[in-house]
Number of protein chains: 2
Amino acid sequence: MADVNFVADASDPEASSSAPPIAEPLTREAIPEVALIELLFFAYRDFVSDPDAVLEDFGFGRAHHRVVHFVNRNPGIRVADLLDILKITKQSLGRVLKELVDTGFVEQRPGPVDRRQRLLYPTQKGRALAERLIEPQARRIAAALDALDPKERAGAEHFLRLVVDPADRDAVARLTAR
Amino acid sequence: MADVNFVADASDPEASSSAPPIAEPLTREAIPEVALIELLFFAYRDFVSDPDAVLEDFGFGRAHHRVVHFVNRNPGIRVADLLDILKITKQSLGRVLKELVDTGFVEQRPGPVDRRQRLLYPTQKGRALAERLIEPQARRIAAALDALDPKERAGAEHFLRLVVDPADRDAVARLTAR
DNA sequence: GAAATATGTCAATATGGCTGACGTAAATTT
DNA sequence: AAATTTACGTCAGCCATATTGACATATTTC
């Protein structure tokens with residue numbers, strides 16, 4: 001006689017009392033892209049954690065990092081353009097930007113031609129912070145590129161550009177060109 | 001006579017009253033890796049926004065997405081292993097997981113050999129949700145891969161694997177193998 | 001039997017997003 | 001010149017997701 005008790009069995013969870021859960025994994029047989037989907041998650045997860053130690057020293061978070069980075073990459077950027085890069089609301093940006101201005105990492109200047117604008121510039125302090133934040137990330141990326149041949153490197157860059165929304169690709173190309 | 005007023009000048013912000021901000025951008029002359037750093041940001045930004053519409057229909061957030069995804073990819077996963085993938089604390093996972101269990105997307109079963117464990121399985125509902133969430137992402141990745149030749153595709157995958165922390169690469173390789 | 005392990009839970013807190021409403025100054029349109 | 005639009009800021013409240021720290025429980029291991 002078979003075991004009448006409900007003995008749990010990892011290979012056969014349907015044997016238990018209630019409605020059967022699923023034991024078979026979603027695999028790349030069904031979704032061939034799943035490995036790259038997860039690699040993007042894992043790569044990004046580790047990549048963004050690099051600057052955390054530096055940020056903690058300054059009492060800043062990852063939102064501050066993003067603002068400091070793009071202001072340093074685009075001195076004189078308009079608030080609206082920064083919002084478009086980050087894809088957040090002005091209220092969300094507001095707090096973070098105010099802190100960076102108050103602590104002297106970012107400076108605001110009225111636009112010379114359109115004085116409604118408040119153009120954002122890094123201070124010397126802000127530039128130094130941006131350089132400290134990018135350093136571990138650059139090291140990580142450089143180490144990865146070192147292991148690739150030129151064709152593979154081109155593939156990596158090309159792939160990432162194609163993952164970006166088509167509507168934003170030109171803007172991204174311009175931002176990353178300098 | 002030169003203009004004695006403080007006329008702002010985008011090309012020369014030092015001309016203004018206070019300490020000079022920096023007008024020169026951080027460029028890839030100084031940091032060659034900066035384009036790839038930003039591409040990782042832009043690609044991830046758009047990539048994770050794909051499932052948002054679906055999530056909203058269910059009243060879930062991105063944290064739920066991550067849990068549903070990895071439980072479907074690894075039915076019977078231990079809580080500790082899921083935490084290791086997500087790199088968050090058990091308290092953070094707790095609420096999200098509880099909601100998914102309460103609403104019938106994930107099921108917990110005691111480990112058959114070690115009954116302290118609560119192994120996580122997707123329900124039929126959970127599997128269906130995972131498939132709906134991955135669909136737009138798979139489409140995006142497939143479209144990108146379509147435009148690459150095999151060597152470039154290998155480069156993209158290889159690059160992402162190398163961006164992962166060395167200590168986690170084996171685990172990531174195992175997770176993405178099936 | 002004691003210790004270690006796997007997990008859960010309670011509580012407080014921080015961060016970073018959001019919506020909506022309203023205000024102000026400057027530029028543009030009529 | 002008045003009206004409208006634009007660029008930006010701010011106030012207020014809310015939500016999602018993360019954190020640390022402490023403690024509880026069941027189970028396994030030594």
Side-chain angles (χ1 to χ4, degrees), chain A residues 8 10 41 44-45 48-49 51-53 55-56 58-71 76-103 106-121, chain B residues 7-8 10 41 44-45 48-49 51-53 55-56 58-69 71 76-103 106-121:
Chain A
F41 168 77
Y44 192 80
R45 179 197 69 179
V48 295
S49 76
D52 283 354
L55 289 166
E56 197 157 351
F58 289 85
F60 289 151
R62 288 175 182 177
H64 299 85
H65 178 193
R66 294 193 283 273
V67 172
V68 166
H69 174 88
F70 285 107
V71 168
I77 191 175
R78 295 189 311 145
V79 169
D81 290 335
L82 185 53
L83 291 176
D84 196 53
I85 286 174
L86 302 175
K87 304 276 192 220
I88 58 174
T89 60
K90 62 178 173 176
Q91 295 91 331
S92 296
L93 176 61
R95 247 174 329 175
V96 169
L97 182 55
K98 189 175 189 309
E99 286 173 12
L100 289 170
V101 170
D102 289 349
T103 50
V106 171
E107 202 171 311
Q108 296 175 313
R109 307 227 160 185
V113 44
D114 184 337
R115 280 159 45 222
R116 290 171 304 181
Q117 300 173 350
R118 302 220 192 153
L119 307 186
L120 306 175
Y121 293 89
Chain B
V7 175
F41 167 77
Y44 193 80
R45 179 198 68 178
V48 296
S49 75
D52 283 354
L55 289 166
E56 198 158 349
F58 289 86
F60 289 152
R62 289 175 182 178
H64 300 85
H65 179 194
R66 295 192 284 271
V67 172
V68 166
H69 175 88
V71 168
I77 191 174
R78 295 189 312 145
V79 169
D81 290 335
L82 185 52
L83 291 175
D84 196 53
I85 286 174
L86 302 175
K87 304 276 192 220
I88 58 174
T89 60
K90 62 176 172 175
Q91 294 90 331
S92 297
L93 175 61
R95 238 175 335 162
V96 169
L97 183 55
K98 190 175 188 307
E99 286 172 10
L100 289 169
V101 170
D102 289 350
T103 51
V106 172
E107 201 171 313
Q108 294 174 315
R109 306 227 159 185
V113 43
D114 184 339
R115 279 159 45 220
R116 291 170 303 180
Q117 301 172 349
R118 303 222 190 150
L119 307 186
L120 306 176
Y121 294 89

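Scanning for salt bridge (charged side-chain N to carboxylate O under 4.0 Å, His left out) contacts around A:Arg62 gives A:Asp52, with sequence neighbours left out. Residues passing the side chain to side chain donor-acceptor pair (under 3.5 Å) test with B:Thr103: none are found, sequence neighbours excluded. Here B:Arg116 pairs with B:Asp114 under the side chain to side chain donor-acceptor pair (under 3.5 Å) rule; sequence neighbours left out. Residues satisfying the salt bridge (charged side-chain N to carboxylate O under 4.0 Å, His left out) criterion with B:Arg78, sequence neighbours excluded, are B:Asp81.
Straight-line distance from the CG atom of A:Asp52 to the C1' atom of C:dG16: 14 Å, rounded to whole Å. In this structure, the CG atom of B:Asp81 is 15 Å from the P atom of C:dT5, given to the nearest Å. To the nearest angstrom, C1' of C:dT7 lies 18 Å from CZ of B:Arg109. The nearest whole Å value for the distance from the CG atom in A:Leu86 to the C1' atom in C:dC18 is 15 Å. In this structure, CG of A:Leu119 is placed 11 Å from C1' of D:dA7, rounded to the nearest angstrom. Regarding A:Lys98, its NZ atom lies at a distance of 11 Å from the C1' atom of D:dG9, rounded to whole Å.
When each of D:dA12, D:dA7, C:dA11 is scored by its nearest atom to the side-chain atoms of B:Gln91, the top-ranked nucleotide is C:dA11.
When heavy atoms are screened at a 4.0 angstrom cut-off, A:Glu56 is found touching no nucleic acid atom at all.
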Expected string for nucleotides 23-30 of chain D under the B/S/- scheme (protein heavy atoms, under 4.0 Å, primed atoms plus P, OP1, OP2 as sugar-phosphate) is ---BBS--

Detail all sub-3.5 Å separations between protein N/O atoms and N/O atoms belonging to nucleotides 16-18 of chain D.
residue: D:dT17; atom: OP1; partner: B:Arg62; partner atom: N; Å: 3.0
residue: D:dT17; atom: OP1; partner: B:Ala63; partner atom: N; Å: 3.2
residue: D:dA18; atom: OP1; partner: B:Arg66; partner atom: NH2; Å: 2.4
residue: D:dA18; atom: N7; partner: B:Arg95; partner atom: NH2; Å: 3.3

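The number of heavy-atom neighbours closer than 6.0 Å to NZ of B:Lys87, taken from other residues, nucleotides and ligands shown, is above 12.
Listed pair B:Gln117 / C:dT5 fails the phosphate criterion, with no side-chain N or O lying under 4.0 Å from OP1 or OP2.
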